Each structure stands twice: as C-alpha cells, then as structure tokens.
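Because the structure is predicted, anything quoted here is derived from the model rather than measured. Only this structure's heavy atoms are used, side chains among them; waters, hydrogens and symmetry mates stay out. Whatever order the structure lists them in is the order used to number ligands and atoms, beginning at 1.
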Amino acid sequence: MTNEKIFATPRKVDDVADCYFYHTMELPRHGVIEGRDWDLRGRVDEYLGHVDFAGQRVLEIGPASGFLTFEMEKRGADVSSVEVTDEHGWDFVPYPDARLKEIFGPRGIVMQQLKNSYWFSHAAFRSKAKVYYGDAYNLPATLGQFDIAVMGAVLLHCRDALRIVEQCAKRAKTLIIVDKFHPDLEGAPVCRLVPTAENLIWHTWWHFSTQFFTQFSAVMGFATSKPTTHEQYHRGRAHTLFTLVARRE
Ligand SMILES: C[S@@+](CC[C@H](N)C(=O)[O-])C[C@H]1O[C@@H](n2cnc3c(N)ncnc32)[C@H](O)[C@@H]1O
C-alpha cells in the first residue's frame, strides 16, 4: 500500500536564478528556459519507446529537472519520481579524496539548484507528480506498485545498475530503459567501465550494450521489444540513445 507521507513536500522556488535546468523546458507563464544539458523537446515519444501513459502509474528514477515527468503527466500518467538525497548525492566514482575535493563543493550546490528546477517547473505546470528522496537501491514497499518504471539516462551513473533495474521490476509490469548507444558493444550482453585513473570521469560508471539489459530482463521474466535508437541533443550536439521496453510475461 502506498503511504503518501514518504513523498517530499514541494519546495517553493520563486527565482529562476536559483535553478539549474538540466533539460530545456517550456513552462507556462515563463516560456522556454534553455537547459544546460539536454533538449529532448519534440522527441519524447521516441525517448520513451512510444508507450501509452494514459491512466498509468509511473515510477521514474532520476527526474533531474523533470522534463520527462511532466511530459508523461501530460500524456495521462500519475508519476512518482525517485531522486537522490542531499546526503547521498550520486554514486561518485571513488577517486582519491584529493582529486574529488574540487568536485564535491560545487556539486552540492548544483544538486540543490537541480532539485529547485524540478520544483519551479512543478509549480509552473501545477503538477501533481510526487518525489521520493531516497535510495533507489532499496525502494520502500510504501511507494506501492506501478504500471511502468522509467530509467532514463540514469543507469550509466549508478554503480549497481542491475540492482536498480531489479528494484523497478519488483514494482512495475513494464520497464523503460534509456541509455547511450555504443555500437561497438552491440552483439554481446556486456558493460564497459568508463572511469580510468587518467580521465577523472567521476559521474559515469558504465557503457552498456542493449543485450546487457534484454538478457537481464529475460532472467527476471520480462520480454523485451527490439531496442530502438534515436538522436537526442546535448548542448547542441546529437547523440544516439537507445530505448528498450520490457514487459513482465
Ligand atoms: C542524467 S539525469 C537523467 C534525467 C532524466 N531521467 C532523463 O532521462 O533526461 C540523471 C538523474 O538521475 C539522478 N540520479 C543519479 N543517481 C541516482 C540514484 N542512485 N538514484 C536516483 N536518482 C539518481 C540524478 O540526480 C539526475 O536527476
């Protein structure tokens, strides 16, 4: 049974200057706000695998500024999102402390501003979407059951990506997984470790093949449709992503 008390009280954010917009957003009364990272406008249905959201209860892992949250809501979904707590932040790659020190301070501020951008947009849309700030590796039963779980561009950032997929599979009948497409990995159920001692990539753990998730979905008793690829824009540059939809058999 869902316990509404686990969801966050909406934050009141009046000033757009207090926000970090990860997504480009088009907000009622505010117009277009350019995102710092991704502009998914016009390609949402490809991103979300053309799944029908009307009347569906959706679990979203990692909403960032909430572009997908509010798009799913526009399509008739009742969305609950899971976002990191202020204490946990991301699964930072464990580089030596001296190397991470410069990253942690500014990162904390960006995360606050990222959460602010969600609540600023939430108010502009008069959204009913909810946020649970907590641990995606141990989702509480009080979140309830869902029709669909969405993991959009989040698993690459998580040390134990399969644990999150498993948590979602326990709570939802349909899984939507979106991640970067790496043609050189295709054909085998593999993932590749991204950080090296030299590249200092502290935020991304993995490159995945699509088979990595189709095989694991099958292990859990989910049938996957053929993964689709699509172009999405990050800071003006096109990137190829894949979307995979898995349904419990
Ligand atoms: C790269 S953004 C993707 C945003 C959106 N889902 C999309 O597809 O455009 C990753 C989001 O996941 C969140 N995130 C990262 N690690 C997480 C974790 N372990 N649990 C929950 N959310 C996480 C980040 O804070 C951020 O909101």
Carefully, step by step, assess W202 and F92 under the rule ring pair (Phe, Tyr, Trp, His ring centres under 6.0 Å).
-> CA-CA 6 Å; W202 54 269; F92 296 105; 5.6 Å; yes
Between A64 and ligand 1, which residue portion shows a heavy-atom distance shorter than 4.0 Å: side chain, backbone, both, or neither?
-> both
Give a yes/no verdict on whether any heavy atom in Y137 is under 4.0 Å from an atom of ligand 1.
-> no
Among the heavy atoms of H23, does any lie under 4.0 Å from an atom of ligand 1?
-> yes
For the pair R163 and E166, find out whether any cationic side-chain nitrogen is under 4.0 Å from an anionic carboxylate oxygen.
-> no
Looking only at N/O atoms, are H88 and ligand 1 under 3.5 Å apart anywhere?
-> no
Which protein heavy atom lies closest to atom 7 (C) of ligand 1, and at what distance to 0.1 Å?
-> Y47 OH, 3.4 Å
Strictly under 4.0 Å, does any heavy atom of V154 approach an atom of ligand 1?
-> yes
Polar proximity ligand 1 side, H157 side, N/O cut 3.5 Å exclusive = no
Using a 4.0 Å heavy-atom threshold (strictly under), name the region of L68 that reaches ligand 1: side chain, backbone, both or neither.
-> side chain
Hey, is ligand 1 close enough to G152 that some N/O pair sits below 3.5 Å?
-> yes
What residues, two or more places apart in sequence or in another chain, satisfy side-chain contact (heavy atoms from CB on, under 4.5 Å) together with A64?
-> Y22, H23, L114
According to the interplanar angle, ranging from 0 to 90°, do the rings of F120 and H30 count as parallel (below 30°), tilted (30 to 60°) or perpendicular (above 60°)?
-> tilted
Looking only at protein heavy atoms, which one is nearest to atom 17 (C) of ligand 1, and how far off is it?
-> V84 CG1, 3.4 Å
If you compare M111, Q232, E60, E83 by their heavy atoms, the one closest to atom 22 (N) of ligand 1 turns out to be E83
Atom 19 (N) of ligand 1: the protein heavy-atom neighbour that sits closest, reported with distance to 0.1 Å | C158 SG, 3.7 Å
Near-ring test Y118/F70, centroid separation under 6.0 angstrom = yes
Regarding R57 and the six-membered ring of F146, is the cationic atom NZ or CZ under 6.0 Å from the ring centre and inside 45° of its axis?
-> yes
May I ask you to check if ligand 1 and G62 share an N or O to N or O distance below 3.5 Å?
-> yes
Hey, is W38 one of the residues with a heavy atom under 4.0 angstrom from ligand 1?
-> no
Compute the minimum heavy-atom distance from F67 to ligand 1 and say whether it is under 4.0 Å.
-> no
Member of F181, Y47, W38 meeting the ring pair (Phe, Tyr, Trp, His ring centres under 6.0 Å) criterion with H239 | W38
